[in-house]
Every structure is written in structure tokens, then in C-alpha cells.
A.B. asks: 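Could you have a look at this structure, given as C-alpha cells, before my questions?
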2 protein chains.
Amino acid sequence: MGRPPRIDRSSVLTAGLAIADERGLDALTLQAVADRLGVTPMALYRHVPGKAALLDGMVELLLTNASLPPAELPWHERLERLATGVRATARRHPEVFSLLLQRPATTTEARRLPDQVLAALVAAGVPPARASRWERLLSTAVLGFAVSEVAGRFAGHTSAELDGDFEALLGMLRTAIEAEGASG
Amino acid sequence: MGRPPRIDRSSVLTAGLAIADERGLDALTLQAVADRLGVTPMALYRHVPGKAALLDGMVELLLTNASLPPAELPWHERLERLATGVRATARRHPEVFSLLLQRPATTTEARRLPDQVLAALVAAGVPPARASRWERLLSTAVLGFAVSEVAGRFAGHTSAELDGDFEALLGMLRTAIEAEGASG
DNA sequence: ACCTGAACACCGTTCAAGT
DNA sequence: ACCTGAACACCGTTCAAGT
């Protein structure tokens, strides 16, 4: 009552994510974000440079929210957990997740995930010179699957089928990494 | 001069694709499409139900433009050509291509591509009951890679590196299919 | 049948003004 | 420092009217 609410970058991103989750990407307008925060759209510009930056920030929020598996686990189990975590994130935030393939992870915060994958690959015996390539292929396959699944490209298939797909995907990746590790 | 130009669905989709290629997805407005056709924006509604349908149509145009490899070739070469063709399409139409992962191929025209993949998998000895799964995994990996590449997720890597990535990806897929074919 | 004019509700963004 | 009011240029979409 009366007092203008205090907002910051984090609350803007969180509000945007909530709106996209609840009402879809089309409903994500600066007006809607402002409404949720009890503020006018113009107030957002002090905390986020514009709508494109809002989307970028939301994607990064998705990445940095992921939990990392304990380093004591064997490499293949670490990769499995990372992949399963990515898939779970996609299901929680389907609308925003589909933007993820289109924006490189640049900030140091967002680099934690690929760095974890890299470490697991080296632990698997993949030659360091090749680890970066396999990180790209692995994350692309997992992200591509997760995006396809939540964006409806696999519409008409049961979730049991898709679980089987995901398992087969992980199996293929593990086999390929083991072969690469043995050859190094 | 004077005579109102005749337009149809096909010319609307083509104009939209050209604008997206030349000036990006943000510049793809109904006004811009109408301008290119020498018509007012309202005229487009007779040929396309709205902007969302325009985007859908453009994505489908991408799919149906792909050329199919001759059936005489060995299955692995057919898959290789299909994958390379997809990658080339992505490079020709990067902006629209990134929408592809988000819309299932439903029309019979657009189903030709997955059907070709399916046929090649069966030729490779993959049990028909499993062919559909491998078609999904294969197309997801290839599409995911192509989208990542043209959308800038691999920014900072040389095209030689990415060519190597793509080769490694195809190698991994072929190995996995051969294993699946031998077990069937 | 096909295109246009006029109008509507809504966008993102700016900038000077308020507190 | 942070938010608002007012204004701008532009969206997509509708519907009755023209030819």
C-alpha cells in the first residue's frame, strides 16, 4: 500500500520465468512481468536492458539452477545424472528451454555445466585434445532430445517410449565415449 | 502498373523465407512480407491464417525442399547424404531452421524425410520395431547439431573443427546403427 | 474472389519528470 | 537511485467496404 515495491534483476528474471511457465512465451510481455512485480514496464529497464536481454537472462537462469552430481561418482554415472537433470529442467520450463539451443553458454556461471561434462570425459579416458569435441556432441544430443520432447516434436509417443529413447541415447553416448577413451 | 498483383500461399511463404534469410526473424513482419509482394498486410490473411501459420508454412517449406538420395546407394551413404543435406539447408536458412526442432513434421510432404531415414535403418538391419526409435535419435542428433551450429551455440570454433564434429557425429551414429542391426 | 481502408488493442522503447 | 507519465513507432488482427 503506497510504497513502490523494490525490484532487482533477479526478481525480474524469476517473474519472467514464472509467466513463461504458466502462460507461454507469447504471454511473456514486459507489461506482464511488470504487473507481476507491481510496477510499470518502464521500471524494468533499469534492471534489464530490454526484452532480448530478459530472454537471455532467463535462459541463463535455467542453466545455473541445475544441480551438479558429486565428483566421487564414476564418470558414466555423473554424465547420466547431468543428462537426466537437463531433461528434468526442460520439463519444468518447457517454453524457455526451447530457446537454449540458440544461445551459447558464455558466462562463467553457465560454463559450470559443460565444464562438468568435460571433467567426466577426461575421467573416462578421452584424450584432453578430443574432450571438447565430445562435450559438444554429447550436450547437443541431450539438449536436442530434451527440446524436441518438450516442444512437441515427439507428440504422439507415450512417455514410456520416450523414456526408452532417452535410455538408448545415453547408452549410445556411453559406448561412443568408452571407445574414444580406449583409443586414447 | 495499376493492376493489383496476384499472390498465393506459395508466394507468401517464399517471400517470408527470403525476408528471414536476408534480415532475420525479427524483421519478418506481415508488413514486410506484404511490401515485398506489393500488397497490403491484410491481403495475406486470405492465403495464410495468421503469423503463426506463416512460420509453420515456412518451416514446412524447408523440409519439403530437401532433395532425397537415390535408393540404390548403400544405407550408410544414404543417411550420410540426408544428414549433410539437412546441414546444408540449415546454413542456407539459419533463422527459420532454428524453429524446426519445435514443430513436428505432420504433413505427408514433410514426412518424406523421416520415412527415408526409416527405410535406410531397415536396410541396415535394424529390427522394424526399433527403427522408429533410432529414426528419432538420429534425426534429433543431426537437427540438434545443425541448429546449434547456425544459431551460434558453437561460436568461437573454426569451421574445420565443426566439420570434424559432424564427421564424428555421423561415425557415432553409424556405429550405433550397425550394432543395433547386428543384434536384430 | 481478392484486395483495401479504417480501426482496435497491444507491443517495446525513449526520455523528461517526479520522489 | 529508482520509478512513473506521456509519447512514439510499430505490431497482428478484425471487418465492412470496394472492385
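Here is how names work: the chains are called A, B, and so on, in the same order as the sequence lines, proteins then strands, and each is numbered from 1. Quick note: numbers below take in every heavy atom, side chains included, and nothing from hydrogens, waters or symmetry partners.
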A.B. asks: Provide the Watson-Crick or G-U wobble partner of C/dA1, both distances under 3.5 Å; none if there is no partner.
C.D. replies: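 Base partner found: D/dT19.
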
A.B. asks: Between C1' on C/dT4 and NE2 on B/His47, what's the gap in Å once rounded to a whole number?
C.D. replies: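 In whole Å, C/dT4 C1' lies 13 Å from B/His47 NE2.
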
A.B. asks: Report the nucleotide, chosen from D/dT4, D/dC3, C/dT4, that has the shortest atom-to-atom distance to any side-chain atom of A/Ile7.
C.D. replies: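 For A/Ile7, the side-chain atoms sit closest to D/dC3.
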
A.B. asks: Taking all atoms of both residues into account, what is the closest heavy-atom pair of B/Tyr45 and B/Gly50, and its distance?
C.D. replies: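 Nearest heavy atoms, B/Tyr45 then B/Gly50: CE2-CA, 4.0 Å.
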
A.B. asks: What is the separation between atom OH on A/Tyr45 and atom P on C/dT14, rounded to the nearest whole Å?
C.D. replies: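 One finds 6 Å between P of C/dT14 and OH of A/Tyr45, rounded.
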
A.B. asks: Given D/dG12, D/dT4, D/dC2, identify the nucleotide with an atom nearest to the side chain of A/Arg6.
C.D. replies: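 Of the candidates, D/dC2 comes closest.
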
A.B. asks: In whole Å, I'd like the distance from the NZ atom of A/Lys51 to the C1' atom of D/dC10.
C.D. replies: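 Those two atoms, NZ and C1', are 14 Å apart.
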
A.B. asks: Identify the nucleotide, in any strand shown, that forms a Watson-Crick or G-U wobble pair with D/dA6, with both distances under 3.5 Å; if there is none, say none.
C.D. replies: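 Pairing partner: C/dT14.
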
A.B. asks: To the nearest Å, how far apart are A/Leu28 CG and C/dC11 P?
C.D. replies: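 These atoms are roughly 11 Å apart.
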
A.B. asks: Looking at every non-hydrogen atom in both residues, tell me the closest pair between A/Leu68 and A/Arg112 and how far apart they are.
C.D. replies: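 For A/Leu68 versus A/Arg112, the nearest heavy atoms are CD1-NH1, 4.0 Å.
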
A.B. asks: How close or far is atom C1' of C/dC11 from atom CG of A/Asp35, stated in whole angstroms?
C.D. replies: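 Nearest whole value for this atom pair: 14 Å.
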
A.B. asks: D/dT13 P sits how many Å from B/Leu44 CG, rounded?
C.D. replies: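 Taking atom P of D/dT13 as the reference, CG of B/Leu44 is at 11 Å.
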
A.B. asks: Apply salt bridge (charged side-chain N to carboxylate O under 4.0 Å, His left out) to the pair B/Glu161 and A/Arg133, showing each step before the final yes or no.
C.D. replies: CA-CA 8 Å; B/Glu161 265 180 309; A/Arg133 159 159 303 160; over 6 Å; no

A.B. asks: Taking all non-hydrogen atoms of both residues, which atom of A/His47 and which atom of A/Asp8 are closest, and how far apart?
C.D. replies: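 Distance-wise, the nearest heavy atoms are ND1-CA, 3.7 Å.
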
A.B. asks: What is the separation between atom CG on A/Leu55 and atom C1' on C/dG12, rounded to the nearest whole Å?
C.D. replies: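 So the two atoms are 12 Å apart, to the nearest Å.
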
A.B. asks: Starting at the 5' end of DNA chain C, which residue's closest nucleotide do you reach first, A/Asp26 or A/Arg46?
C.D. replies: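 So the residue in question is A/Asp26.
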
A.B. asks: Heavy-atom count around A/Arg36 CZ within 6.0 Å, excluding the residue itself: above 12?
C.D. replies: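 Counting other residues, nucleotides and ligands, CZ of A/Arg36 exceeds 12 neighbours.
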
A.B. asks: Send over the distance from A/Met42 CE to C/dT13 P, rounded to a whole Å.
C.D. replies: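 Those two atoms, CE and P, are 14 Å apart.
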
A.B. asks: C/dT4, C/dG12, D/dG12: which one has an atom nearest the side-chain heavy atoms of A/Leu30?
C.D. replies: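 Output: C/dG12.
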
